[in-house]
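Since the structure comes first, as structure tokens, the remarks are kept for the end.
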Amino acid sequence: MQTLANLFTASGILTREQIKNVFKRQKETGESFIKSIVSLGFSTEEKIAKFLAKYFKTEFILIDREEIPIQILNLINEELAYKHMMIPYKKTGNMLFLAMLNPANLNAIDDVKFKTGLDVIPIVTTETSLQKALGKYREAKTQVSEFSEDDDIDIDIDVDENIDIDIDENDISFDDDVEVVGEGDSKEMVIDAASAAEDKPVVKIVNYIFTKAVESKASDIHIEPFETYLRVRLRVDGVLTELIRPPIELKAGIVSRIKLMSELDIAVHNIPQDGRIRLKVYDKQLDLRVSIIPVLFGEKVVMRILDKSSLQLEMTKLGFEPDNLEKFQSAIHKPYGIVLVTGPTGSGKSTTLYSALSLLNKPEIQIMTAEDPIEYNLYGINQIQVNPDIGFTFASALRAFLRHSPNVILVGEIRDTETAEIAIRAALTGHLVVSTIHTNDSPSTVNRLIDMQIEPFLVSAALNLIQAQRLLRKVCEKCRKPVVYDEETLRNYDIDPIYLKGYQVYEKGDGCDFCGGKGYKGRIAVTEVMPISPKLREMILSRASTAELREQAKKEGMKTLREDALIKVKNGLTTLDEVIRETAVME
């Protein structure tokens with residue numbers, strides 16, 4: 001909770017002495033950080049929650065007073081709800097509103113995004129209110145489980161008349177376009193699911209899904225079972241759009257087909273499974289990372305598409321502004337130290353790191369990577385797949401690397417104290433380490449490392465640069481519309497009107513053939529690049545707050561994510577709506 005502690009002290013809610021007392025009580029009682037503040041009488045739950053809601057520009061609610069439909073509660077399981085202290089509140093379109101204590105908990109938000117495929121909007125509640133709501137959730141689940149299969153239950157469901165689609169064999173003719181690489185013909189078909197997986201309609205539908213995903217340049221595929229229908233969605237430019245709703249009776253066959261292609265156990269339905277498929281579609285070689293999890297009405301499948309041919313390694317094409325690019329490249333060309341890239345899942349962190357490695361990849365440089373999983377095979381680089389199930393973690397891989405004297409080490413993600421400690425030790429003993437970490441922005445990464453029990457003097461000595469990033473959709477250049485915003489509207493968006501004065505900006509158009517009717521085509525990165533200057537090193541040593549580090553970095557020329565995004569708006573590359581959706585004002 002170091003991040004919240006810094007936020008509260010920087011905002012004047014608590015003194016440093018009070019924070020020390022809170023930490024002391026936490027150790028003595030095992031209470032949560034916020035609970036300890038309340039127990040000591042320093043503030044109230046509601047005051048803290050309202051402050052967090054205001055700071056993170058979201059909603060405050062007493063969640064136990066709300067009636068939440070069981071179908072919303074079932075979007076995440078009880079174990080995950082209690083693990084992160086959160087509960088789903090409502091769903092609007094593709095947005096899931098999530099009541100939680102700490103809206104800055106990116107791990108929780110990422111977990112829910114991955115499990116539901118929805119965009120998560122955090123709202124703030126109090127711990128007492130949340131505990132009551134979770135108790136209601138458990139009670140509701142218990143009541144539902146008490147019904148037996150013989151009970152007669154009348155449920156009134158409003159079903160869309162067009163919920164299913166009829167697929168004729170002549171409608172889909174992609175058998176010749178999709179080739180499964182390495183799939184053997186000798187597998188023994190021992191259960192009905194395997195036979196269903198080979199039925200011609202199932203094969204055609206699965207091939208159709210793969211082909212449309214490639215044509216749409218989708219990043220991932222979601223196959224989701226519900227009570228009365230099966231839904232297939234593609235994520236294109238970061239947004240999920242529905243592709244088809246196959247006949248519900250083909251649900252088991254479609255999932256089994258994908259399991260066979262992934263070499264997974266088709267007889268197992270009650271535990272998660274992960275696999276990989278290699279495909280050739282339109283003569284294009286693809287790798288698909290497959291994750292299958294059991295949900296209420298069957299098994300949900302998520303396939304991430306890894307297309308090396310679409311991997312852009314030239315950093316100017318990724319969206320780097322010239323000054324940010326110069327700072328980043330200067331940091332990765334230093335002989336030792338750590339360069340960290342931060343942001344949520346799907347923000348392009350891996351692409352940035354691969355781009356950095358491609359710049360460093362020379363015959364005289366030895367590069368080793370520890371990844372989970374290896375997304376792309378890079379020529380001339382030693383890439384290692386970690387496997388936590390057998391104890392081969394990022395930390396153990398790093399230990400092994402140090403005996404091979406690499407010049408450059410890539411660590412897929414710094415997730416824990418042990419990995420962070422070894423990465424810093426490597427950086428301080430003559431190695432350049434590049435990695436990712438989950439934080440909201442660049443300045444908050446410093447205190448995230450300290451929160452992981454890394455001493456400030458080690459953080460100060462090891463860090464070269466921290467870069468936060470997001471991906472914005474690019475407005476379609478063919479159908480975009482010029483727009484003029486009045487000053488009041490811009491101020492309501494926390495944007496100083498002077499930023500856009502004299503520039504022609506655009507909003508999303510009605511859609512055209514070029515963008516497939518979406519109004520957007522492609523994505524571009526926005527970055528917040530913070531080199532660690534001598535002054536910032538001094539401040540890290542003195543345990544400066546995130547707000548203090550941010551203020552100093554801005555004095556030294558750091559553009560925030562919001563500011564870099566507005567440059568893209570000025571250049572006609574994206575819209576103000578995208579900027580508001582993906583970036584926040586950090587003060």
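Heavy atoms of other residues, nucleotides or ligands lying less than 6.0 angstrom from CZ of Arg304 number 12 at most. The number of heavy atoms from other shown groups lying within 6.0 Å of CD (Glu79) does not exceed 12.
Remark: Lys90 engages Phe97 in a side-chain contact (heavy atoms from CB on, under 4.5 Å) (not counting sequence neighbours).
Below 30°, between 30° and 60°, or above 60°: for Phe23 and Phe33 the angle between ring planes is between 30° and 60°, a tilted geometry.
Remark: side-chain polar atoms of Gln469 are paired, donor with acceptor, to backbone N or O of Ser347 under 3.5 angstrom.
In summary, of the residues considered (Thr560, Thr342, Asp564), a side chain to side chain contact (heavy atoms under 4.5 Å, CB included) with Glu528 occurs for Thr560 alone. Screening Leu465, Val411, Thr445 against Leu340 for a side chain to side chain contact (heavy atoms under 4.5 Å, CB included) leaves a single residue, Thr445. The residue from Arg550, Lys559, Arg448 that alone fulfils the salt bridge (Lys or Arg N to Asp or Glu O under 4.0 Å) condition with Asp441 is Arg550. Partner Glu299 forms a side chain to side chain donor-acceptor pair (under 3.5 Å) with one of Lys259, Lys251, Gln273 and no other, that one being Lys259.
Looking at Thr575 and Tyr520, their side chains do bring a donor and an acceptor atom within 3.5 Å of each other. One side chain, Glu45 or Thr128, offers a donor N or O that lies under 3.5 Å from an acceptor on the other. The closest side-chain donor-acceptor pair between Arg562 and Thr583 falls under 3.5 angstrom.
Using a 4.5 Å heavy-atom threshold, the side chains of Ile524 and Leu471 count as separate.
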I'd like to know whether Thr419 forms a side chain to side chain contact (heavy atoms under 4.5 Å, CB included) with Leu398, so could you lay out the CA-CA distance, the side-chain angles of the two residues, the decisive distance to 0.1 Å, and finally the verdict.
CA-CA 8 Å; Thr419 305; Leu398 271 172; 4.1 Å; yes
For a salt bridge (Lys or Arg N to Asp or Glu O under 4.0 Å) check, start with the C-alpha distance between Lys50 and Glu46, then their side-chain angles and the critical distance, and finish with the verdict.
CA-CA 6 Å; Lys50 286 180 177 177; Glu46 194 161 321; 3.1 Å; yes
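In this structure, Lys554 does not pair ionically with Glu551, as no charged nitrogen and carboxylate oxygen lie closer than 4.0 Å.
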